[in-house]
**Student:** 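Below are the C-alpha cells for one structure; questions will follow.
For the numbers below, each heavy atom of this structure counts, side chains included, while hydrogens, waters and symmetry mates do not.
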Amino acid sequence: MRPLLALLLCLAGIAAQAEPPSSEALNDRARSLYQEGRYDEAAATLREALALVEKDYGPDDPEVARSLNNLALIYKAQQRYDDAEPLYRRAVVIADRKLGEDDPDRMKSAGDLARLYVAAGKYAAAEPLYLRVIAWQRRHVGPQYGDVADTEGALASVYAKLGRTEDADRLARRSFASVAAPARAQGLVPQPADAYGDAQKSAAVRFDLARRHLDGIGDHCVAGEHGEEFRFSLRSWQTDNLDASLPADRVLATIPAAQRQTLERQLDTNRRDPDGPNDALCDLYSRGLRNGSVDYAKTDADAARILRAIYASDETMRIAKRNADLATGCIKQHYSAGRRDFTPVRRYCDCQTAAITANADDAQIDAWLASLPDTAPKAGTTDSKALGTTLQQAWVGKALKAAQRCPGAPR
C-alpha cells in the first residue's frame, strides 16, 4: 500500500502544480507588473485573465467588462489608443446591458471611455459620454460632491479644446461654484491669445511639466500598497500649489499646440526612472508632499514667482483656492485623526465645503476665516464646533444643517 499511497500523493502534487491560475491571481500579477512599469507583460497577463473570465462567465458578464477595462488601461498607458478603444466600448455595452441604473460601474466604463477619447484627441466623441456621466452623478450622487465638479471640469476642458469658449467658461465657473476641489478648471476660462508674454508661457510650461511628472508617479503610487495614504498627500500638494497651477492652466490655454510642444522639448528636465516608481519612492514622495518638502516654489522659484503674480491679481482664483483650502483642511483633519480611506473622506469634506459656500457669500466666509483664533489652522477648520462657535451668524446654522446631511457626517 505504501508505494501506491506514495504514487497517489505524487500524482496529487503534480495535479496541484498544474492547476491554472485563477483570474483573480492573474489580475493581481498584472497589477504588480503595471506598478513596475512592465506594461507588455501586464497586458499579456490581462489578456490571459480576460480569456479565462470569458470562459467561466460568458462574453457578456460584468466581470468581463472589468477585465476589459483593466486591459484597456494598460493600452492607454502605452498610448495604444486604437487598441484600447474597442475594449472600452465593449465594456460600456456590457455594463449598460447587465448592470442596474444605480450601479456606479455603468458610469465608470463610460467615464473611462471619455478619458481615452480625450487622451487620443477625439474631443467631440468624449462630450456625450461626459454629459451622460454628469447626468447620472447628479441623480445618484448629488451636485454637492466632488465627483460632479470633477467631471464638469473635464468637460469644460473638452469644450475649450473644441473652441466652444462660451460653453467652457460657463461649465468651468459652475464647476467652481459647486465644489472648489477641481479648482484647476478655472484655468480653462478663455483668455486672448496675446494675453501673456514669453516669460509667463515658459513658467506655465515648466510648472505643467513638473506637475505631470508628479502625476505620473502618483498614477503608480495610488495603486500600490499605501495608495490611500498617497492620495491624502497628493491632494495636499495639489491644493497648496493652486496659486501656481491655476494661473498655469490659464496661460497654457493660450499657447498654440505646436508652440507648446516646442517649449516642452526645450524645458523638460525631469529625470525618469526607467524602472518606474517603487514602494520606497512612493513613501518618500508621500512624506515629502505631506510635510511640504516637495514644494514647487523650492524647485523652480522663478517660475513660481511669475505664476503667483498672475494669481495675486485675480480675485476668482483667490476664492477658488480659499474654498479648496477649506476642503483640503478638512481632509487633513481626518487624516490626523487616523482616517486612511481617502474617497469617503474627500466626499464628506467636499460636501461640507459646498454647504458653507452655498449658505454664505464670499465676504462672510472671508470674515469667518479671519475671525478664527490664531491657534486654529485657517484652512480646514470647518468642523461643527468651529462653525458654531467662531462666528454666530444666521448662515452658520444653515451651513451646519446642510453639512449634517453629508455622507459620513459625524452624529
**Student:** Between Glu127 and Arg164, does any side-chain N to carboxylate O distance fall below 4.0 Å?
**Tutor:**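 Answer for the salt bridge query: yes.
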**Student:** Show the nearest heavy-atom pair for residues Tyr123 and Val118, with the distance to one decimal.
**Tutor:**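 Minimum heavy-atom contact is CE2-O, 3.7 Å.
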**Student:** Do Gln266 and Val205 have side chains that get closer than 4.5 Å, going by heavy atoms?
**Tutor:**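 Result no, sub-4.5 Å side-chain heavy-atom pair not found.
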**Student:** Just how far is it from atom CD of Gln364 to atom CG of Leu369, taken to the nearest 0.5 Å?
**Tutor:**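 Reported to 0.5 Å precision, the distance equals 12.0 Å.
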**Student:** Could you tell me which non-hydrogen atom of Tyr311 sits nearest to which non-hydrogen atom of Met317, and how far apart they are?
**Tutor:**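 Looking at all heavy atoms of both residues, the closest pair is CE1-O, 3.5 Å.
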**Student:** Return the minimal non-hydrogen interatomic distance between Asp314 and Arg250, and the atom names on each side.
**Tutor:**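 Of all heavy-atom pairs spanning Asp314 and Arg250, the closest is OD2-NH1, 2.6 Å.
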**Student:** What are the two closest heavy atoms between Lys108 and Arg115, and how far apart are they?
**Tutor:**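 So the minimum-distance heavy-atom pair works out to O-NH2, 4.3 Å.
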**Student:** With no hydrogens and no angle check, is any side-chain donor or acceptor of Thr45 less than 3.5 Å from a backbone partner on Glu41?
**Tutor:**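 Yes; judged by distance alone, with no hydrogens or angles, the pair exists.
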**Student:** Do Ile365 and Ile356 have side chains that get closer than 4.5 Å, going by heavy atoms?
**Tutor:**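 Contact flag for Ile365/Ile356 side chains = yes.
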**Student:** Looking at Arg346 and Asp341, is any side-chain nitrogen of the basic one under 4.0 Å from a carboxylate oxygen of the acidic one?
**Tutor:**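 Looking at Asp341 and Arg346, the cut-off is not met.
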**Student:** Working to the nearest 0.5 Å, report the span between CG of Asp83 and CD1 of Ile74.
**Tutor:**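 Going from the CG atom of Asp83 to the CD1 atom of Ile74 covers 13.0 Å.
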**Student:** Show, in sequence, the C-alpha distance, side-chain angles and deciding distance for Glu85 and Tyr117, and conclude whether the side-chain hydrogen bond (donor to acceptor under 3.5 Å, both in side chains) test is met.
**Tutor:** CA-CA 8 Å; Glu85 181 179 345; Tyr117 283 144; 3.1 Å; yes
**Student:** Is atom CG of Asp361 surrounded by more than 12 heavy atoms (other residues, nucleotides or ligands) closer than 6.0 Å?
**Tutor:**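 Yes, enclosed.
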**Student:** Pick out which of Asp325, Asp240, Asp350 makes a salt bridge (Lys or Arg N to Asp or Glu O under 4.0 Å) with Arg235.
**Tutor:**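 Testing each of Asp325, Asp240, Asp350 against Arg235, the sole residue satisfying salt bridge (Lys or Arg N to Asp or Glu O under 4.0 Å) is Asp350.
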**Student:** Any idea which heavy atoms bring Ser67 and Val53 closest together, and the distance?
**Tutor:**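 Here Ser67 and Val53 meet closest at OG-CG2, 3.7 Å.
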**Student:** Between Asp112 and Lys76, does a salt bridge (Lys or Arg N to Asp or Glu O under 4.0 Å) hold up when you go through it step by step?
**Tutor:** CA-CA 10 Å; Asp112 287 341; Lys76 181 184 174 185; over 6 Å; no
**Student:** Measure from the side-chain N and O atoms of Asn359 to the backbone N and O of Ala355, and report whether any donor-acceptor pair falls under 3.5 Å.
**Tutor:**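 The answer is yes, because a donor-acceptor pair under 3.5 Å joins these two groups.
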**Student:** For the pair Asp243 and Arg318, find out whether any cationic side-chain nitrogen is under 4.0 Å from an anionic carboxylate oxygen.
**Tutor:**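 Here Asp243 does not pair with Arg318 in a salt bridge, since their nearest N and O are not under 4.0 Å apart.
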**Student:** Could you tell me whether the side chain of Leu209 reaches within less than 4.5 Å of the side chain of Leu267, counting heavy atoms only?
**Tutor:**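 Answer yes - side chains close enough.
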**Student:** Drop me the distance from Tyr75's OH to Tyr88's OH, to the nearest 0.5 angstrom.
**Tutor:**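 Answer rounded to 0.5 Å: 12.0 Å.
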**Student:** Please check this pair: side chain of Gln200 against backbone of Gly197, looking for a donor-acceptor N/O pair closer than 3.5 Å.
**Tutor:**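 Yes: the side chain of Gln200 pairs with the backbone of Gly197.
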**Student:** For Thr254 and Val251, indicate whether the former's side chain and the latter's backbone hold a donor-acceptor pair under 3.5 Å.
**Tutor:**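 Yes.
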**Student:** What pair of heavy atoms forms the shortest contact from Pro247 to Leu307, and how long is it?
**Tutor:**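 Taking Pro247 first and Leu307 second, the nearest heavy atoms are CG-O, 3.2 Å.
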**Student:** Counting only heavy atoms not in Arg90 (residues, nucleotides, ligands), do more than 12 fall under 6.0 Å from its CZ?
**Tutor:**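 More than 12 heavy atoms, drawn from other residues, nucleotides or ligands, come within 6.0 Å of this atom.
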